[in-house]
Amino acid sequence: MHGVLSTFNIFYIFLILWYSIHAKKCIDKFPKDFKFGVGTSAYQIEGGWNASGKGENIWDRLTHTHPEAINDRDNGDIACDSYHLWKTDVENLKYLGVHHYRFSLSWSRILPTGFVNQINKDGVEYYNNLINSLLANGIEPIVTLYHWDLPQTLQDLGGWSNVKTADYFADFVRVAFRLYGNRVKTWTTINEPYRICYDSAGDFEISAVPVLPGFGCYLCARSLLIAHSKAYHIYDKEFRKQQKGKIGIILDSSWPIPKTNKTDDIEAAERYIQMMLGWFAHPIFSKDGDYPEIMKKTIQERSAKENYRESRLPSFTKEEINALKGTSDYLGINHYETEWIENFEFPIGKPPSYFKDIAVKRSKNPKWKPSPDIVPWGFYKLLRWVAKEYNNPLVYITENGYGDNNSNGLQDSNRIVYLAEYMKAVLQAIQDGSNIKKYTVWSFMDNMEWRRGYSIKYGLFNVDFTSPNRTRTPKTSAKFYKQLIKTGTIPKGTVFQ
Ligand SMILES: *[C@@H]1O[C@H](CO)[C@@H](O)[C@H](O)[C@H]1NC(C)=O
Ligand SMILES: *[C@@H]1O[C@H](CO)[C@@H](O)[C@H](O)[C@H]1NC(C)=O
Ligand SMILES: *[C@@H]1O[C@H](CO)[C@@H](O)[C@H](O)[C@H]1NC(C)=O
Ligand SMILES: *[C@@H]1O[C@H](CO)[C@@H](O)[C@H](O)[C@H]1NC(C)=O
């Protein structure tokens with residue numbers, strides 16, 4: 001099934017030899033109950049954008065009407081064609097030996113109008129087939145209910161700035177629990193609400209929709225949190241007793257390092273993580289609920305200076321705060337990078353923006369080891385911060401991975417270094433008391449990376465996007481991960497090149 005080049009084999013044998021020479025004793029072993037997997041999302045891999053009754057979503061609309069918004073003017077019309085090639089995907093997952101596969105449901109494939117008035121049988125069957133096939137092969141499906149591909153109909157009503165969208169989401173998740181909950185035991189409500197909402201530079205960034213900077217992001221976040229809370233309570237009240245699964249949210253966060261030891265910079269780094277991760281984690285995982293105090297204070301003060309009547313951060317009611325608290329059986333963490341943070345007061349003036357509110361400048365320290373883009377100790381610090389800040393919640397690492405441009409073909413040794421080093425950081429955090437039970441590589445295969453199109457590759461599998469067959473070939477990192485899963489041990493001796 002997998003095209004095997006002999007030079008490739010020789011390289012791999014050499015790699016193993018190198019490891020075994022340098023391996024002294026196996027302290028890099030994960031606990032027995034620790035689970036490994038890989039992740040994808042619907043828009044990024046499925047293709048079949050208008051196949052068998054699927055409705056249009058915001059990414060279809062954006063890529064078709066504004067191709068210039070995407071690197072190389074590309075789109076997800078076909079992507080990895082997983083809508084047709086899902087059997088190959090399951091075979092490749094089996095090859096890796098993963099315990100779980102994280103993927104998302106395309107809302108508009110199941111509900112083409114976005115509403116429950118019409119259910120698309122073929123869309124429903126697609127996920128039935130995938131889930132059944134995963135289970136038949138001993139792979140746990142971890143299902144994301146919303147991974148950024150909002151039905152266009154709902155965008156036409158205001159998208160996530162409209163809090164009513166949370167009700168339509170609640171209707172959708174009830175359908176999903178009914179259809180698949182007898183087999184799906186780990187649900188994720190929303191993937192990376194931060195990325196959905198933030199409006200850096202007033203651009204339409206990753207949300208695929210224009211937002212009014214300094215306002216839109218906060219309305220969006222509020223609706224997403226309410227949508228999450230509704231989904232959790234629906235599962236809890238109507239399904240949990242029979243289906244006995246878990247439901248949680250996935251948040252993304254970098255780790256901020258203050259650029260100097262000046263108090264201003266130390267405070268800026270703390271403010272940054274509170275207004276990035278804390279924005280969504282505090283309402284759900286903290287004892288008091290609601291947004292972090294520093295976030296409320298910062299935006300309130302700046303809004304006043306800008307002469308607005310009230311804070312641009314819309315508040316929650318008491319009921320909403322209580323309904324949100326504790327609504328996650330686990331915390332999913334997506335992590336990629338460490339950032340260098342310095343305090344920076346933007347002058348008051350229009351328009352406002354989320355980054356002006358945070359008042360930081362971000363960069364990377366060129367001296368970080370082993371490289372500015374590979375900072376495993378930043379991941380360790382983030383994981384320990386989360387344990388301390390939120391009373392040591394159950395954590396699943398739901399995304400972690402390395403992007404490159406396949407310039408070394410299938411021999412992606414820097415990805416192997418990244419994964420090995422970051423998994424060591426996870427293991428260290430576990431040994432120091434963090435309650436982490438799953439690790440998930442982003443990504444299973446090269447795919448449509450949103451506005452970066454196909455220009456950046458995160459896959460363990462290469463996908464030939466020039467072939468109508470979208471042929472998948474394991475990179476060296478796939479063989480590395482397969483071996484790691486089999487032994488539960490991180491091989492020694494990875495070197496950064
Ligand atoms: C789907 O879209 C393609 C263009 O991407 C078009 O050629 C085709 O006719 C469409 N199919 C349906 C069923 O609308
Ligand atoms: C800040 O202080 C710590 C501890 O004293 C030290 O390890 C670190 O190098 C200092 N950082 C900078 C940027 O000066
Ligand atoms: C690909 O990445 C390499 C290494 O980072 C870089 O030197 C090269 O310029 C990149 N190539 C393209 C086409 O972006
Ligand atoms: C695509 O797959 C089919 C069926 O397996 C095969 O016959 C064909 O040669 C492949 N085409 C390419 C371009 O790889």
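Remember, it's 1-based here, ligands and their atoms both numbered in the order they're listed. Please read all numbers here as calculations on a predicted model, not as lab measurements.
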Q. Numbering the atoms of ligand 1 from 1, which are under 4.0 Å from a heavy atom of Asp77?
A. 5 (O)
Q. Should we say atom NZ of Lys482 is surrounded by more than 12 heavy atoms from elsewhere, each under 6.0 Å from it?
A. yes
**Q.** Within 45° cone and under 6.0 Å: Arg109 NZ/CZ vs Tyr83 ring
**A.** yes
Q: Consider every N or O of Thr471 and every N or O of ligand 4, then say whether any pair is closer than 3.5 Å.
A: no
Q. Is there a donor-acceptor contact under 3.5 Å from the side chain of Arg415 to the main chain of Tyr402?
A. yes
Q | Every residue of the protein that comes under 4.0 Å of ligand 2, judged on heavy atoms | A | Lys259, Asn261
Q: Quick one: do Cys217 and Cys197 satisfy disulfide bond (SG atoms under 2.5 Å apart)? Show the steps, please.
A: CA-CA 5 Å; Cys217 55; Cys197 299; over 6 Å; no
Q. Should the ring pair Phe172 and Phe169 be called parallel, tilted or perpendicular, given that the plane angle runs from 0 to 90° and is split at 30 and 60?
A. tilted
Q. Hey, is NZ on Lys361 packed in by over 12 heavy atoms from elsewhere, all under 6.0 Å?
A. no
Q: Return the set of residues passing side chain to side chain contact (heavy atoms under 4.5 Å, CB included) with Ala429 (not counting sequence neighbours), or none when no residue passes.
A: Tyr380, Leu383, Arg384, Ser434, Ile436
